[in-house]
Amino acid sequence: MSQRPLRADAQRNRARLLDVAVVALADAPEVTLDAIARQAGVGIGTLYRHFPTREALIEEVYRTEVARLCDAVPELIAAEPPDRALRVWMDRFVDYMATKRGLADALKMVIAAGGTPFAHSRERLVAAVGDLLAAATGVLRPDVDPVDLLTAINGICLATGDPEQREQAGRLLDLLMDGVRAR
C-alpha cells in the first residue's frame, strides 16, 4: 500500500518541524518535542503525525541534513567552476559536521532504540564527492579517490570542531584543495 503524497500545508509543517528540530536538537539534545512543535508553530499532534517518536524525528533530521548536503552537488556543479564547486561543498560539509556533532547525543538515543541513521549516509556522501571529482576532470588530480578526500575533509572537521576554529578549518580546506589540484 503506497502512501498518499502530503498536502502542501502538511509538507510545509513537516519542513518547518525539521528546520526547527535541527537547530533545537543541536543546541540542546534534551529539548522536548512540545517545545519543538511550539517553535515550529504547530501543535504537538501535528509533530506526532509526521514523527511518531522522538527517535523518528531525530533520524529524519539527520537524513534531511545529509540529503541537503548531497542534493546540492548538481546545483554547485552547474553554478561554479569545478574546483570552486568542490571547495564550496567542502565548506557545507564542515557546517554539516558541526550540526552532526551537535546531534551526536540525540543520534546515540536513536541507535540505542534500534535505529540506523547512518545506513545510507556514507554511500551518499561518497557518491556526492565522486560527482564533484568527475565534474573536475582535468582540473583536479586524476588519482584523487572520493573516499580518501572525504576522509581528509572529515579529519579537518574533527581537528577544528569548535566554532571558534571555523576560520582555521577554511584555511585547511584551502590547503587540501591545493593538494588535489592538477599540476
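As the structure is a computational prediction, the values presented were derived from the model and not from experiment. Index from 1, following the sequence.
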**OP:** Would you mind reporting whether Ile156 and Gln168 have side-chain heavy atoms less than 4.5 Å apart?
**Re:** no
**OP:** Using a cut-off of 6.0 Å, state whether more than 12 heavy atoms not belonging to Arg171 lie near its atom CZ.
**Re:** yes
Original post:
After noting the C-alpha distance and the side-chain angles of Glu80 and Arg87, does the key distance pass the side-chain contact (heavy atoms from CB on, under 4.5 Å) rule?
Top reply: CA-CA 10 Å; Glu80 301 283 349; Arg87 182 60 181 82; over 6 Å; no
**OP:** Check the pair Leu57 / Leu18 against side-chain contact (heavy atoms from CB on, under 4.5 Å), numbers first and verdict last.
**Re:** CA-CA 8 Å; Leu57 173 63; Leu18 289 169; 4.2 Å; yes
Original post:
How far does CZ of Phe93 sit from NZ of Lys100, to the nearest 0.5 angstrom?
Top reply: 7.0 Å
Subject >> Backbone of Leu69 reached by a side-chain donor or acceptor of Trp89 within 3.5 Å >> reply: yes
Original post:
Closest approach of Val31 and Ala35, non-hydrogen atoms and distance?
Top reply: CG2-CB, 3.9 Å
Original post:
Looking only at heavy atoms, which two atoms of Ala128 and Cys70 are closest? And how far apart?
Top reply: CB-SG, 4.0 Å
Subject >> Flag side-chain contact, heavy atom, 4.5 Å: Val66 against Arg63 >> reply: no
Subject >> From CZ (Arg14) to CG (Leu47), nearest 0.5 Å >> reply: 10.5 Å
Subject >> Pairing residues for Glu65 by the side-chain hydrogen bond (donor to acceptor under 3.5 Å, both in side chains) criterion, not counting sequence neighbours >> reply: Arg68
**OP:** Sort and list the pairs that fulfil salt bridge (Lys or Arg N to Asp or Glu O under 4.0 Å) and have at least one residue in residues 24-43, not counting sequence neighbours.
**Re:** Asp34-Arg38
Subject >> Test side-chain hydrogen bond (donor to acceptor under 3.5 Å, both in side chains) applied to Ser121 - qualifying residues, sequence neighbours left out >> reply: Tyr62
Original post:
Of the non-hydrogen atoms in Gly138 and Ala182, which two are nearest, and what is the gap between them?
Top reply: O-CB, 3.9 Å
Original post:
More than 12 foreign heavy atoms under 6.0 Å from CD of Glu123: is that the case here?
Top reply: yes
Subject >> side-chain contact (heavy atoms from CB on, under 4.5 Å) between Arg122 and Val147, worked out >> reply: CA-CA 9 Å; Arg122 180 172 169 79; Val147 173; 3.3 Å; yes
Original post:
What are the two closest heavy atoms between Leu17 and Ala37, and how far apart are they?
Top reply: CD2-CA, 4.1 Å
**OP:** Look up atom CG in Leu25 and atom CD1 in Ile58, then write down how far apart they are to the nearest 0.5 Å.
**Re:** 5.5 Å
Original post:
Knowing that exactly one of Val94, Leu172, Leu173 qualifies, which makes a side chain to side chain contact (heavy atoms under 4.5 Å, CB included) with Thr160?
Top reply: Leu172
**OP:** Determine yes or no for a side-chain-to-main-chain donor-acceptor pair under 3.5 angstrom, with Thr46 supplying the side chain and Val42 the backbone.
**Re:** no
Subject >> Residue Glu164 excluded, over 12 heavy atoms near CD under 6.0 Å >> reply: yes
Original post:
Are the charged groups of Arg166 and Asp91 less than 4.0 angstrom apart, N to O?
Top reply: yes
**OP:** Drop me the distance from Ile36's CD1 to Ile44's CD1, to the nearest 0.5 angstrom.
**Re:** 8.5 Å
Subject >> Nearest-0.5 Å distance, CG of residue Leu86 to CG of residue Leu149 >> reply: 5.5 Å
Subject >> Joint hydrophobic cluster, Leu175 plus Val144, side-chain heavy atoms closer than 4.5 Å >> reply: yes
Original post:
Distance-only, no hydrogens or angles: does the Asp162 side chain make a donor-acceptor pair with backbone N or O of Gln165 under 3.5 Å?
Top reply: no
**OP:** Rounded to the nearest 0.5 Å, what's the gap from CD on Glu59 to OG1 on Thr64? Could you check?
**Re:** 10.5 Å
**OP:** Indicate the atoms forming the closest heavy-atom contact of Glu55 with Val110, along with that distance.
**Re:** O-CG2, 3.5 Å
**OP:** Measure across Met97 and Cys157 and return the closest heavy-atom pair with its distance rounded to 0.1 Å.
**Re:** CG-SG, 3.6 Å
Subject >> Residue pair Leu140, Met177: steps toward the side-chain contact (heavy atoms from CB on, under 4.5 Å) verdict >> reply: CA-CA 9 Å; Leu140 300 180; Met177 281 300 301; 4.2 Å; yes
Subject >> Pair Asp178-Arg183, salt bridge (charged side-chain N to carboxylate O under 4.0 Å, His left out): steps then yes or no >> reply: CA-CA 10 Å; Asp178 287 346; Arg183 304 246 185 278; over 6 Å; no
